[in-house]
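Accompanying notes for the structure given below.
This chain uses plain numbering: 1 for the first residue, then up along the sequence. Being a predicted model, the structure only gives us computed values, none of them experimental. Below, each value reflects all heavy atoms present in this structure, side chains not excepted, and no hydrogens, waters or symmetry copies.
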Amino acid sequence: MTFRRQGSLDTSGVSGGGGGRGRGVALGGGVGGIVVVLVAVMFGINPSELGVNTGALGGGGNMGTDASAQQFQDQIDSCTLEVANTDTVCRIVATTESLEDVWNAQLPEQTGMRYEQAHTNLFSGQISTGCGTGDSAMGPFYCPADNIVYLDPEFFDQVLAGQLGGSNAPASQMYVVAHEFGHHVQTLLGDIRRSQQDPQGESSGAVRVELQADCYAGIWAHYATTTPAPGGDLPLLESLTESDIDEIVRSAEAIGDDHIQSLGSGRVDPSSWTHGSSDMRRTWFVNGYQNGSVEACNTFDAQI
């Protein structure tokens, strides 16, 4: 996946450290009583299952410092499209803008609903969110109470690739961000509540919510290289190859509940699943990528 080397990059959709307002998004709007879904909609990494110390990422139990927040913000402010091809923080910034471009176009066209912009917040250690205190050890997560995706960039190398055996390729990093934005789309459409109604099991609402977020990540990949950036005719992302898709699939499989349980206790228990198996996660990402259709991502009525 390669971003254009020329052209402007809007960095306002990403901030470092303590919270931020997305491009036009009011914090905490429109989600009522679903603040408690924080755990239900996290990316699916349970450190205890892997025997991982919760302090292993980004400084552990300490609330993110002003210094680390400023360091992230300084990186963000200096990002360009060209640097996004080599730097993880800038890649997250460019991916956030690309996701906004795709969903600004596709959500109204496919559902008739106006897209409301989200925000991405980079942090290390712990951070205060609209859903309570977030921790790097949770992995990336989306909070529907403030419409913000929270992410410690060290997750990609230390956990996704290092502990789970997934890919740390640029495409895989972008897939992680796209999955979390999938939860934002679910919040706008009202589907994210289903994760609470049926919180675990092989065919549970929680699993169906996660698989739909994977499918929505596939929709982004379907349109990312053809959706123009605002004020121009060219998309931010100029190439997405079959090799990129292979790297994404590798990571989707690595975060399957069955794979994580096998790495931890060695025992696979579908009745405790909250995110779906490796096969499910691969299948639904590919479904979204191939079809590019919100309707095709209806995991709630599908045989999964």
Hydrogens and angles aside, do Asp258 and Ser278 bring a side-chain donor and acceptor to less than 3.5 Å of each other? yes
Are Glu247 and Ser167 linked by a side-chain donor-acceptor pair shorter than 3.5 Å? yes
Heavy-atom closest contact ([X] atom, [Y] atom, distance):
{"X": "Arg250", "Y": "Gly165", "value": "NE-O, 3.5 Å"}
{"X": "Ser272", "Y": "Gln261", "value": "OG-NE2, 2.8 Å"}
{"X": "Glu97", "Y": "Pro230", "value": "OE2-CD, 4.4 Å"}
{"X": "Gly13", "Y": "Thr96", "value": "O-CG2, 3.8 Å"}
{"X": "Gly125", "Y": "Asp152", "value": "N-OD2, 4.2 Å"}
{"X": "Val149", "Y": "Tyr142", "value": "CG2-CD1, 3.9 Å"}

What is the distance from atom [atom1] of [X] to atom [atom2] of [Y], rounded to the nearest 0.5 Å?
{"X": "Asp87", "Y": "Ile92", "atom1": "CG", "atom2": "CD1", "answer": "8.5 Å"}
{"X": "Ile260", "Y": "Ser277", "atom1": "CD1", "atom2": "OG", "answer": "11.5 Å"}
{"X": "Trp103", "Y": "Thr227", "atom1": "CH2", "atom2": "OG1", "answer": "10.5 Å"}
{"X": "Asp269", "Y": "Glu202", "atom1": "CG", "atom2": "CD", "answer": "10.0 Å"}
{"X": "Met174", "Y": "Leu240", "atom1": "CE", "atom2": "CG", "answer": "7.5 Å"}
{"X": "Thr120", "Y": "Leu99", "atom1": "OG1", "atom2": "CG", "answer": "8.0 Å"}

If Ile, Leu, Val, Met, Phe, Trp and Tyr residues are connected whenever their side-chain heavy atoms lie under 4.5 Å apart, and connections chain through other members, are Phe181 and Leu189 in the same group? yes
Can you hop from Val83 to Phe72 via hydrophobic side chains spaced under 4.5 Å? no
If you group Ile, Leu, Val, Met, Phe, Trp and Tyr whenever their side-chain heavy atoms sit less than 4.5 Å apart, what else falls in with Val207? Leu211, Val268, Trp273, Met280, Trp284, Ile304
Between Ser243 and Asp246, is a side chain to side chain donor-acceptor pair (under 3.5 Å) present by the stated rule, with each step listed? CA-CA 5 Å; Ser243 177; Asp246 289 343; 5.5 Å; no
Would Glu116 and His184 satisfy side chain to side chain donor-acceptor pair (under 3.5 Å), going step by step from the backbone distance to the final call? CA-CA 9 Å; Glu116 297 177 16; His184 178 59; over 6 Å; no
Sub-3.5 Å donor-acceptor pair from the side chain of [X] to the main-chain atoms of [Y], do we have one?
{"X": "Arg194", "Y": "Arg208", "result": "no"}
{"X": "Asn291", "Y": "Ser293", "result": "no"}
{"X": "Gln186", "Y": "Gln212", "result": "no"}
{"X": "Ser251", "Y": "Ile248", "result": "no"}

Indicate the ring-plane relationship of Phe141 and Tyr150, choosing parallel, tilted or perpendicular according to the 30° and 60° boundaries. parallel
Would you call the rings of Tyr289 and Phe285 parallel, tilted or perpendicular, taking 30° and 60° as the class edges? parallel
Give the C-alpha distance, both sets of side-chain angles, the deciding distance and a yes or no for salt bridge (Lys or Arg N to Asp or Glu O under 4.0 Å) between Glu238 and Arg4. CA-CA 6 Å; Glu238 64 181 12; Arg4 286 189 289 113; 5.9 Å; no
Here the disulfide (SG to SG under 2.5 Å) pairs for residues 215-304, sequence neighbours left out, are Cys215-Cys297
